[in-house]
Amino acid sequence: MRYMSDASYWVYLIHLFFVAIIPSFISNWPIPSTLRFLFVLIISGALSFLSYHYLVRSTFIGKFLNGKKYNS
């Protein structure tokens, strides 16, 4: 739970970028909109948490957002 709590602000900030970009790549896919929605939801969530883990958590950005710097 601590990890999710620390990641929440970063995910809040970055998810909008992914939610705006991903649909433009899949708009022409011949699948129902519900499946496209689920695809965007899962991929944007995964990319948000992966970016937090590898690009933010153990850097100065993580220290700025969370007040503590973690070693990966």
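A distance of 10.0 Å separates CG in L41 from NE2 in H15, rounded to the nearest 0.5 Å. To the nearest 0.5 angstrom, S48 atom OG is 10.0 Å from L13 atom CG. The distance from the CG atom of L50 to the CG atom of L55 is 9.0 Å, given to the nearest 0.5 Å. Atom OG of S44 is separated from atom CD1 of I21 by 12.0 Å, given to the nearest 0.5 angstrom.
I61 and L16 fall into different hydrophobic clusters, defined by Ile, Leu, Val, Met, Phe, Trp and Tyr side-chain heavy atoms under 4.5 Å apart, directly or through other members. Neither V11 nor I42 shares a network with the other; the hydrophobic side chains, linked directly or stepwise wherever heavy atoms of I, L, V, M, F, W or Y lie under 4.5 Å apart, form separate groups for each. Hydrophobic clustering of Ile, Leu, Val, Met, Phe, Trp and Tyr side chains at less than 4.5 Å, counting indirect connections, keeps V19 apart from F37.
Every residue two or more places apart in sequence or in another chain that forms a side-chain contact (heavy atoms from CB on, under 4.5 Å) with L47 is listed here: F18, I22, I43. Not counting sequence neighbours, Y9 has no partner by the side-chain hydrogen bond (donor to acceptor under 3.5 Å, both in side chains) test.
Inter-residue side-chain proximity for I14 and S51 is flagged as met; some heavy-atom pair is nearer than 4.5 Å. Between M4 and F49, the closest side-chain pair of non-hydrogen atoms falls below 4.5 Å.
Of all non-hydrogen atoms in D6 and R57, the two that sit nearest each other are OD2-NH1, 3.9 Å.
Checked against a 6.0 Å centroid threshold, the rings of Y52 and Y3 count as neighbours.
Residue pairs meeting the side-chain hydrogen bond (donor to acceptor under 3.5 Å, both in side chains) criterion with at least one partner in residues 24-35, sequence neighbours excluded, do not occur; the list is empty.
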